[in-house]
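One structure is given below, encoded as structure tokens.
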Amino acid sequence: MAVFLHDTMSRELRPLLMKPDRALFGMYCCGPTVYGPAHIGNFRTFTVQDVLRRTLEVAGLRVKHVRNITDVDDKTIRGAQAAGQTLTAFTQQWTDKFHRDCQALGLLAPHVEPSAVAHIPQQVAMIKALVDRGHAYVAKDGSVYFKVCTCKDYGKLTHLDFSKLETQGTNSAGEANDADEYERESASDFALWKSRKPEDGANFWPSPWGEGRPGWHIECSAMSLEHLGATFDLHGGGIDLCFPHHENEIAQTECATGIQGFAAHWFHSAHLLVDGDKMSKSKGNLYTLDQLIAKGFTTTEVRYALIAGHYRSSLNFTFKGVEDAHSALAKLERGTDRLLVAAGFTRAEFLPPATQETQTAWGRFQHAWEVLQNDLNVPGCLGQVFTVLADKDEPTSAQARQDLSGLAKILYALGLTLFTAAPVAAAPAEVVALAAQRWAAKQAKDFAAADRLRQELTALGWAMLDRKDGYDLKPV
RNA sequence: GGCGCGGUAGCCAAGUGGUAAGGCCGGGCUCUGCAAAAGCCCCAUGCGUCGGUUCAAUUCCGACCCGCGCCUCCA
């Protein structure tokens, strides 16, 4: 069985397989614009992509994962100037922050992470090819635009009808689209190269059309061509990138190379809502990972919450959702512990699978794996996992080992790492002393004193959890 | 207006032409001096509304209601 995934362009469920003539499965994902900390909506998309990559690896595909860094655009230039930094210093700082957040969330680093600034020559070369082939024109100010009407199947990804281009001059509100003042021949044409303007400061590069900087869409076309070739297996991004970004990428690459079939499969993830609303700065519901950590959530819990809904449905992110994830993860750990005991393994022996180790057993988690392979159905897969863990039949040692082999692979695919809870902070001496007194009182059957001491501990913010042979202290 | 998505228990969320996974919360029980933890059990005759097809629909078709996304640089 292969991994089947919904393809945005064909709107069908299609298998993802290694092409016989390729050594690697090429996967390109649109990465972040580094002008500030990414928010959890961004991370939903990157986490879903990470689950896809991991799932493909477990399925035995050799994936080459490319995810770009957008480090030159209006926002990064403005941000750098506002911060009084060079563009390079400014974007590097936010790139570093992005990397730290990704690592915290358990995202595997892409195999290649190209930056737009580092690929200016490739972008210029692609624009030149488009001009030479008659797909682009140079405006009076030296900007270069893609001529959409020269791309006869423009709109094929989103199934938009561009035969009536005159309507494209207005937006949904009926207002003229004059957001930019460049001189385009048609309202639907888009910038490939933006001529140097005073507000760009020092951020310009030479080109055959004069100094300037690349447009947004061209970077992904140039970088995917550079690192994956004119055609590759899968292209991913947030649903909002479908149009115009991905539509433009297709047009640019296919017109520049003359080769059809830019990306064989389009993978788009739905948006994250917060408390039922679209995230926005004005609503104040744009959470960053740091803000969630500050609220006491672990990154594993956040990751669980981000993948707990199917990737093609919008997911409503709430604090309750992360709290639910906490309880669910604890249950997952308890169930795994029981299997480890049955198998005679320690937690330290419960390791992620070696990649390419596809022939090993799945045990009772076979079905959970099949569910995951069906359009990356993470919630369905988790449901199956819990169903197996709730099975009251005690497995034999051999069966438990098979189960653990399967479970380890599923947890790897989901990117969930168990048993990572930091040891609770040591209790202060005062608390330790009170606990010792209470334990002594309890042993002496002086329950009145024991209860009083428990209350004192509670007042100090500590709970005392009795065991048969001792006790644990836990902050409340 | 165009294109698209969705409405499943208190909350979250899968799924199927044959009678509703799972998680959270809640309730009960067992265990425990108390507390907690843990284990076990219970928790939608119902899947937006109304029609249609069918032996059978939540699942297919149609209409309608409601919510949401994109329609030029937002993951």
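Sequence lines set the chain letters: A, B, ... in the order given, protein chains first and strands last, and positions in each chain run from 1. These numbers come from the heavy atoms of this one structure, side chains and all, not from hydrogens, waters or symmetry mates.
- The residue from A/His227, A/Arg67, A/Arg53, A/His65 that alone fulfils the side chain to side chain donor-acceptor pair (under 3.5 Å) condition with A/His111 is A/Arg53.
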Nucleic acid footprint by protein, nucleotides 27-33 of chain B - heavy-atom cut-off 4.0 Å, B for base, S for sugar-phosphate alone: ------B
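- Here the nucleotide nearest the side chain of A/Asp240, chosen from B/rC70, B/rA21, B/rC40, is B/rC70.
- No hydrogens or angles were tested; on distance alone, nothing pairs the side chain of A/Lys75 with the base of B/rC73 as donor and acceptor under 3.5 Å.
- A salt bridge links A/Lys320 to A/Asp324: one of the charged nitrogens lies within less than 4.0 Å of a carboxylate oxygen.
- A distance of about 14 Å separates the P atoms of B/rA36 and B/rC29, rounded to the whole Å.
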N/O contacts under 3.5 Å, protein versus nucleotides 4-10 of chain B?
| from | atom 1 | to | atom 2 | distance (Å) |
| --- | --- | --- | --- | --- |
| B/rG4 | OP1 | A/Arg11 | NH1 | 2.8 |

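- Residue contacts for A/Leu465: at a heavy-atom cut-off of 4.0 Å it reaches a base atom on one of the strands shown.
- In RNA chain B, stems built from 3 or more consecutive Watson-Crick or G-U wobble pairs, each with both distances under 3.5 Å, span B:1-7 with B:65-71, B:10-12 with B:22-24, B:26-30 with B:38-42, B:48-52 with B:60-64.
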Run the side-chain donor-acceptor check on residues 27-47 of chain A: report pairs under 3.5 Å with partners two or more places apart or on a different chain.
| from | atom 1 | to | atom 2 | distance (Å) |
| --- | --- | --- | --- | --- |
| A/Tyr28 | OH | A/Asn68 | OD1 | 3.2 |
| A/His39 | ND1 | A/Gly41 | N | 3.0 |
| A/His39 | ND1 | A/Asn42 | N | 3.2 |
| A/His39 | NE2 | A/Asn42 | ND2 | 3.4 |
| A/Arg44 | NH1 | A/Ala270 | O | 3.0 |
| A/Arg44 | NH1 | A/His271 | O | 3.1 |
| A/Arg44 | NH1 | A/Ser313 | O | 2.9 |
| A/Arg44 | NH2 | A/His310 | O | 2.9 |
| A/Arg44 | NH2 | A/Ser313 | O | 3.0 |
| A/Thr45 | OG1 | A/Ser269 | OG | 3.3 |
| A/Thr47 | OG1 | A/Phe43 | O | 2.5 |

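- Atoms CE and CD, on A/Met464 and A/Glu456 in that order, are 12.5 Å from each other to the nearest 0.5 Å.
- Among the heavy atoms of the strands lying under 4.0 Å from A/Gly383 is at least one base atom, whether or not backbone atoms are also near.
- Between A/Arg467 and B/rA37 there is no side-chain N or O to OP1 or OP2 distance below 4.0 Å.
- For the ring-ring contact (aromatic ring centres under 6.0 Å, His included) test, no residue two or more places apart in sequence or in another chain qualifies with A/Phe447.
- The shortest distance between the side-chain N/O atoms of A/Asn377 and the OP1/OP2 oxygens of B/rG15 is below 4.0 Å.
- Note that A/Lys474 lies outside the cation-pi zone of A/Trp462, set by a 6.0 Å cut-off to the ring centre and a 45° limit from the axis.
- Residues passing the salt bridge (Lys or Arg N to Asp or Glu O under 4.0 Å) test with A/Asp7 are A/Arg14, sequence neighbours excluded.
- Taking atom P in both B/rA14 and B/rA9, the straight-line distance is 13 Å, to the nearest Å.
- Distance, A/Glu456 CD to B/rC34 C1': 16 Å, rounded to whole Å.
- Between A/Lys331 and B/rG22, a side-chain N or O to OP1/OP2 separation shorter than 4.0 Å is absent.
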